[in-house]
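Beneath this line is the structure, given in structure tokens, with notes to follow.
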2 protein chains.
Amino acid sequence: MTQRTDIRRRLEEHGIQASAQRLAIAEYVLATDQHPAADTVLEVVAARLPVVSRATVYNTLHLFVEKGLLRELVLSEGRVVYDPKVEPHHHFVDETSGAIVDVPWEALRVEGVPELPGLDVSEFQVVLRGRRRARRRDG
Amino acid sequence: MTQRTDIRRRLEEHGIQASAQRLAIAEYVLATDQHPAADTVLEVVAARLPVVSRATVYNTLHLFVEKGLLRELVLSEGRVVYDPKVEPHHHFVDETSGAIVDVPWEALRVEGVPELPGLDVSEFQVVLRGRRRARRRDG
DNA sequence: ATCGTTCTTAGACTAAGTCCAATCTTCGGT
DNA sequence: ACCGAAGATTGGACTTAGTCTAAGAACGAT
Ligand SMILES: [Mn+2]
Ligand SMILES: [Mn+2]
Ligand SMILES: [Zn+2]
Ligand SMILES: [Zn+2]
């Protein structure tokens with residue numbers, strides 16, 4: 001498996017020195033399509049790696065954010081969540097389950113941002129809330 | 001001053017029994033144009049009212065949210081914030097100061113929300129981040 | 001192999017928020 | 001005005017997410 005080697009290279013390209021812990025964390029958090037919180041990362045990683053501490057998980061997640069591999073999202077109370085999809089997109093929060101669903105950037109058009117007086121906008125996103133509709137069975 | 005009477009009536013119209021603490025909290029949090037956190041509310045209210053507890057501040061803020069007098073916003077880590085402006089609008093977060101600025105609903109146009117497949121959107125807002133531009137002196 | 005740099009760790013600590021049982025207020029009925 | 005039940009408030013213990021620290025382990029260049 002070149003899997004591990006790929007991740008290692010990816011970290012090094014971003015100026016991050018590899019370590020067993022960082023590789024294990026990266027392997028999960030950079031590949032997931034969910035939006036896990038730090039404690040979820042800890043659980044998942046601790047299940048595969050003999051020993052990894054909470055401090056290291058937080059250190060690593062912050063490092064990955066700083067190096068542009070991850071984005072930090074705050075969409076609901078008490079839940080800071082990490083997103084490996086760093087390109088701009090929107091988020092839908094399911095009010096029932098708390099699940100966070102990505103909404104592609106092209107799915108919505110937002111007009112008027114450059115015209116806002118007095119505000120220098122560096123980034124924005126639409127945050128939507130509601131219920132996920134019952135998945136229509138197709139086929 | 002009919003001020004206090006007005007607030008009292010407003011609470012009662014929303015099915016909230018008045019009390020010294022609730023009136024004091026309402027007087028501040030329903031009138032501010034800021035987006036205060038619970039601990040700010042506690043500080044401000046404690047300065048005027050002889051005694052008010054943290055538990056009561058949290059109870060009251062939650063009650064006001066439940067009764068539709070206030071909205072709870074989570075825009076940055078560790079800061080749950082209350083907004084007396086309950087009609088839909090957008091928010092800009094100043095990355096330098098942390099200040100939250102209201103952006104009128106009409107200032108932005110968002111298209112495509114009803115067309116999102118599989119999502120029943122009950123509400124949405126645009127969340128913007130950046131720097132507040134130096135206030136241009138006009139006149 | 002050595003040594004300075006970097007990384008990880010356990011556990012103490014902080015801050016935001018919740019919970020609870022005891023006490024105090026409010027308010028409608030008399 | 002008085003009473004009692006329902007409702008509100010309280011201090012303080014508790015929980016949870018996250019930070020900090022000082023000591024040790026791993027790394028990697030020489
Ligand atoms: Mn963080
Ligand atoms: Mn809350
Ligand atoms: Zn995402
Ligand atoms: Zn607002």
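Chain identifiers are assigned alphabetically (A, B, ...) following the order of the sequence lines, protein sequences preceding nucleic acid strands; residue numbering begins at 1 within each chain. These numbers were taken from a predicted model, which means no experiment stands behind them.
- Residues of residues 21-44 of chain A having a heavy atom closer than 4.0 Å to DNA chain C, listed by number: A:Gln21, A:Arg22.
- At distances below 3.5 Å, at least one donor-acceptor pair connects side-chain atoms of A:Arg79 with backbone N or O atoms of A:Gly98.
- Regarding A:Glu72, its CD atom lies at a distance of 15 Å from the P atom of D:dA17, rounded to whole Å.
- Between the side chain of A:Arg22 and the backbone N or O of A:Gln17, at least one donor-acceptor pair lies under 3.5 Å.
- Only at 4.0 angstrom or more do the heavy atoms of residues 60-69 of chain A sit from any atom of DNA chain C, so none qualifies.
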Give every donor-acceptor pair under 3.5 Å between a side-chain atom in residues 110-124 of chain B and any protein atom, sequence neighbours left out.
residue	atom	partner	partner atom	Å
B:Ser122	OG	A:Arg129	O	3.2
B:Glu123	OE1	B:Arg71	NH1	2.8

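- Neither A:Leu108 nor B:Val127 shares a network with the other; the hydrophobic side chains, linked directly or stepwise wherever heavy atoms of I, L, V, M, F, W or Y lie under 4.5 Å apart, form separate groups for each.
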Between the protein and nucleotides 20-29 of chain C, list the N/O to N/O atom pairs that are separated by less than 3.5 angstrom.
none

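- Linking ILVMFWY residues whenever their side-chain heavy atoms come closer than 4.5 Å, directly or via other members, places B:Leu128 and A:Phe92 in the same cluster.
- Atom CG of A:Leu30 and atom CG of A:Asp6 lie 12.0 Å apart (nearest 0.5 Å).
- Going from atom CG of A:Leu75 over to atom CD1 of A:Ile100 covers 5.0 Å, rounded to the nearest 0.5 Å.
- Side-chain to base pairing of B:Arg54 with D:dG11: no donor and acceptor N or O lie closer than 3.5 Å to each other.
- What separates CZ of B:Arg79 from P of C:dT14 is a distance of 22 Å, to the nearest Å.
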Identify each donor-acceptor pair in which a side-chain atom of residues 34-46 of chain A lies under 3.5 Å from a protein atom, sequence neighbours left out, and give them as a table.
residue	atom	partner	partner atom	Å
A:His35	NE2	A:Asp83	OD2	3.1
A:His35	NE2	A:His91	NE2	3.4
A:His35	NE2	A:Asp102	OD1	2.9

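- Put simply, the side chain of A:Asp94 never gets that close to the backbone of A:Ala99: no donor and acceptor are under 3.5 Å apart.
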Enumerate donor-acceptor pairs with a distance under 3.5 Å from any side-chain N or O in residues 57-70 of chain B to protein atoms, sequence neighbours excluded.
residue	atom	partner	partner atom	Å
B:Asn59	ND2	B:Ala55	O	3.3
B:Thr60	OG1	B:Thr56	O	2.7
B:His62	ND1	B:Tyr58	O	3.4

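- Computed from coordinates, the B:Leu11 CG to D:dG7 P distance equals 17 Å when rounded to whole Å.
- Look at CD on B:Glu77: it is 18 Å from P on D:dT16, rounded to the nearest Å.
- A sub-4.0 Å separation between OP1 or OP2 of D:dT9 and a side-chain N or O of B:Ser53 is absent.
- Hydrophobic clustering (ILVMFWY, side-chain heavy atoms < 4.5 Å, transitive): A:Val81 and B:Val93 are in one cluster.
- Looking at which nucleotide of DNA chain C each of A:Leu49 and B:Val80 is closest to, the 5′-most match is held by A:Leu49.
- Between B:Tyr58 and C:dT18 there is no side-chain polar atom (N or O) within less than 4.0 angstrom of OP1 or OP2.
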